[in-house]
Amino acid sequence: MKIAFYQKIRTAISNKPRQKRDYAQMFLAWSGYLLPVVLVVLAILWIKSIAIDNDRHNQYLAHLRQIQTLDARIDRNVLQARDGLLKNYDPIVNDLAQLNQLQTTLRQMPSFLGEESRQEIERLLQIHISVWLNKEDSILKFQSQNAVLLNSLTYFPIAISDVVAKDSTAPTLKDSLNNLLRDILLFNIDTNNTSAAKIEREIQQVLANLTPTTERKAIEMVLTHARIIFNRRALVNGSVETAIELPTAKSSEKLALAYNLRYQQAIDTTNNYRLWFYLLSIALLMGIATWIVLKIRRDAAALAASEAKFLAAFRFAPYPLAIATIPDFTLLEVNDSFCRESGFTRAEAIGRNGLELNLYQNPEDRVSILQILLKKGAIRHHEVEVCTNRKKVRTVLLSAETIDLNGRDCFLIASDDITDRKRVEVALREAKQAAETANLAKSQFLANMSHELRTPLNIILGFTQLLARDSRHSSQAASLLVAQRQEYLNTIARSGEHLLDLINDVLEMSKIEAGRTILNATSFDLDRQLQTLADMWQPKAKAKGLQLTVLKQPEVPQSVFTDERKLRQVLMNLISNAIKFTATGGISLRVWVGQVSQRLCFEVEDTGVGIATDEVAMLFNAFAQTESGRQSQQGTGLGLAISREFVRLMGGDLTLITQLGQGTTFRFDLPLVNADTVEAVPLQPQQQHTIGLAEGQHYRLLVVEDNRESRQLLVKMLETLGFEVQQAENGREAIDRWKSFDPHLIWMDLRMPVMDGYEATRQIRAQPQGDKTTILALTASVFEDERPQAIAAGCNDFIRKPFREEELFAKMAHYLGVHYRYESFAERPLWGIDPISIPAATPADLTAALLLIEQMPVEWRSQLYQAATQVDAEQILRSIDLIPPEYSPLAVAIADLMNHYRFDRIVELTRSSPNHP
């Protein structure tokens, strides 16, 4: 059973058709992996084939030969030294030192030697060094023994000659000494046993011939030298023989032979590597040639398949496609989508170009497309309008590229109908413009900045009012003593008002973008305004060496009807910018009536730095500044934006003409309205200063404010009038104080830690007696959306910071029925003028001031004129201090104009006097 089962399996496997292996494809697939491996192997073989450094080999071999040479020379010098033919041992010492250095150098073997070769040569080198150390030791012994021998050989004849030369020496002793001298010298030349025995006998004979008269010391010296020569000669000869017989020459020769053998082995190994390198290189070249042939064949097959796929994709592509000739755009092929979109059949389209088919709505588009294609070889998403065979105009995005079609350059053209998309884009663009008007991010920014800036401004202005109140209630003499302090307080107040104006500019921009700016058109004297502007800006222009010119054509009426404040702000912004960005030349303000339009035209021209072309588009954007504006580090970038919106609100538009480096001209025109038909705006009545509560009144007030300075300000302001006041830092503390204090009215700040004013108000209103207390909200926010929130929380009314004391007093009078005691304006001391509460001067006041100013000295009027033209408030205050008490209306009028920043009216007042300086 099992055998039959296995036979069935074998038959099924044998009958299964075998897939034919594509060896060419396998070769191409594996070539990418094999090539790096082969290149690495070739690099290794090449490195191995050039591993032998012949210069290093020759150097090492020269060292071995030099060792052999030094060995032979040392042997020769030792023999000469033994025989007395060498004057000193320096040659031997130098050769030994050089030999030791060479042996150390030989340890640094060439890098081409293998590890085994290095070990073998190191072993032989160690043996050679060991032999040489023994030989060096024998030579050193020879040097020491031979030095003693030579010393005795030198002094032995001298000692015998001294003894023999003496008369006291016996003749027999002289003969014995001469014989000893002869035999010792012969023994030094040839040592043998016969000479040694003879010398011993002669030494004994010398001793025997000694007489009492003989100097024994001299004889003993002679005999000592004789014994030294006799004994040392054998030792010296033995050391020399030992040194000569050591096999240093054999060891160096063996070392040289071993190195040459290993070098030859390295040469053979390198040659083998080089042979394999050449063989593998040939194989690599053959493989590359094979790969190129197979790649060409595969690419040809792939190209054929790609062309077939291209034709299929071309024919059934969802977008219109066409192939056209260069450069006449004759259609060679079109797909089905082209026929469907254009309305032409394939037979109608092929062989004709776009002009013949009337495809182009504008024939000039064909020329521009052809120029781009011939220059760049391709075009992408070129928008063009085309006409279909059904006479419909469609907007398409045209793309084209040069292709090679059977050896012929052609254009492959594709188009995308974007007619519907264009309609959607227009709708989206309009929706975007409508959405941008909200500008929530900027509103949030303004809300935060308003809250951060208005709180300290409230403190500055409020404390200034308190100090000014103290000054008004002091005696006349005391007021005169604190005039300087009052001057500083007035400066603080004006600065606070000015900072508030800056914030209002930012808020004005927000109101402009929200469409909530109101036009306040009035009738005013245009000539006077132009002259005032000239007087105000002339000093700054002169300070920079510039010429400011104001030109008004005769046909321009003296009185015009428009928004005086907005027109003045626009002209001041333009003149200020012109002076700021002009270094040389001048500024011209021109006013005329258009001959055709009959509109009032204004133009401010300067010779300054000009504006770059790429910056003109964003010049009127809010918070935007040009490069020169950023370098000057001045301004907020709101001036031109506000100016243009003001001009548009007045019925015109602000435009400019500029050239970088040559200057800028701003121009706008306004409707010309007959000013005689406009009624004058009524003047506001004067206000009185509150100095306390009326008799018989008592009220309890609670001030809730987290900022200590703001809380202290409000408490002091209320306590000075006679109110009973308590305070709290947050909403939770306010609830506790309300329960214990039972106030008639609560001043409630809305933004506080722990518990805000909204929650505190809701909890108070939730109490049984909560509705009896009046709650007035205080906030530094400028937006109206907080008012309904505060009212919904339970507040009776809503006041913004910075507030005026008159506003607070009026609210309490409205809700509590409070009555106050007032101080008449005539009773105020001259030097305690309140810079905030003085009303605007009436024309009658100015007329009276003009009559009084004529009585003032010319020098005083000149100083006041210069201070007003330079907008110098401190100098104006010093001029007011010089006005006599009987001219107090003049002081009040000038102070009123200064407090309202109407320096132009002060200039007009001083210039209108008959004795104008």
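Just so it is clear, the model here is predicted, and its values are computed rather than measured.
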Under the side-chain contact (heavy atoms from CB on, under 4.5 Å) test, which residues partner Ala414, sequence neighbours left out? Leu321
Set of side-chain contact (heavy atoms from CB on, under 4.5 Å) partners for Asp669, sequence neighbours left out: Arg599, Cys601
Looking at residues at least two apart in the chain, or sitting in another chain, which of them share a side-chain contact (heavy atoms from CB on, under 4.5 Å) with Ile418? Glu383, Thr395, Leu397, Asp416, Arg421, Lys422
With a 4.5 Å heavy-atom cut-off, do Met856 and Leu890 have their side chains touching? yes
What's the verdict on side chain to side chain contact (heavy atoms under 4.5 Å, CB included) for Ile587 and Leu546, showing C-alpha distance, side-chain angles and the deciding distance? CA-CA 7 Å; Ile587 298 96; Leu546 305 174; 3.7 Å; yes
Does some side-chain heavy atom of Leu526 sit less than 4.5 Å from a side-chain heavy atom of Leu567? yes
Partners of Phe668 by ring pair (Phe, Tyr, Trp, His ring centres under 6.0 Å), sequence neighbours excluded? Phe602
Checking Lys552 now: which residues fulfil side-chain hydrogen bond (donor to acceptor under 3.5 Å, both in side chains) with it, not counting sequence neighbours? Asp527
So with a 6.0 Å cut-off around CD of Glu555, is the heavy-atom count from everything else above 12? yes
After noting the C-alpha distance and the side-chain angles of Asn362 and Glu385, does the key distance pass the side-chain hydrogen bond (donor to acceptor under 3.5 Å, both in side chains) rule? CA-CA 7 Å; Asn362 184 5; Glu385 291 184 345; over 6 Å; no
Within a strict 4.5 Å, meaning less than it, do heavy atoms of the Leu530 and Leu571 side chains meet? yes
Derivation of the side chain to side chain contact (heavy atoms under 4.5 Å, CB included) call for Trp860 and Ser879: CA-CA 7 Å; Trp860 181 88; Ser879 299; 3.7 Å; yes
Do Val556 and Leu600 have side chains that approach each other closer than 4.5 Å (heavy atoms only, starting at C-beta)? yes
Distance alone, cut at 3.5 Å: any donor-acceptor contact between the side chains of Asn573 and Ser643? yes
Quick check: do Leu551 and Val591 have side-chain heavy atoms less than 4.5 Å from each other? no
Sequence neighbours excluded, the answer for salt bridge (charged side-chain N to carboxylate O under 4.0 Å, His left out) partners of Glu605 is Arg590
For atom CD of Gln595, is the number of surrounding heavy atoms from other residues, nucleotides or ligands below 6.0 Å larger than 12? no
Any side-chain heavy atom of Leu589 sitting closer than 4.5 Å to one from Thr549? no
side-chain hydrogen bond (donor to acceptor under 3.5 Å, both in side chains) partners of Gln662, counting only residues at least two apart: none
Decide yes or no for Leu672 and Pro557: does some side-chain heavy atom of the first lie under 4.5 Å from some side-chain heavy atom of the second? yes
Partners passing side-chain contact (heavy atoms from CB on, under 4.5 Å) against Ser415 (at least two apart in sequence or in another chain): Pro320, Val396, Leu398
Is the backbone N or O of Thr582 less than 3.5 Å from a side-chain atom of Lys544, with the two atoms forming a donor-acceptor pair by type? yes
Can you name the nearest heavy-atom pair linking Thr664 to Gly610, along with the distance? OG1-CA, 3.5 Å
Close side-chain approach of Leu640 and Leu574, heavy atoms under 4.5 Å: yes
Quick one: list whatever passes side-chain hydrogen bond (donor to acceptor under 3.5 Å, both in side chains) with Thr607, sequence neighbours left out. none
Going by the rule side-chain hydrogen bond (donor to acceptor under 3.5 Å, both in side chains), which residues pair with Gln531 if we only count those two or more places apart in sequence or in a different chain? Asp535
With Glu401 via salt bridge (charged side-chain N to carboxylate O under 4.0 Å, His left out) - residues at least two apart: Arg380
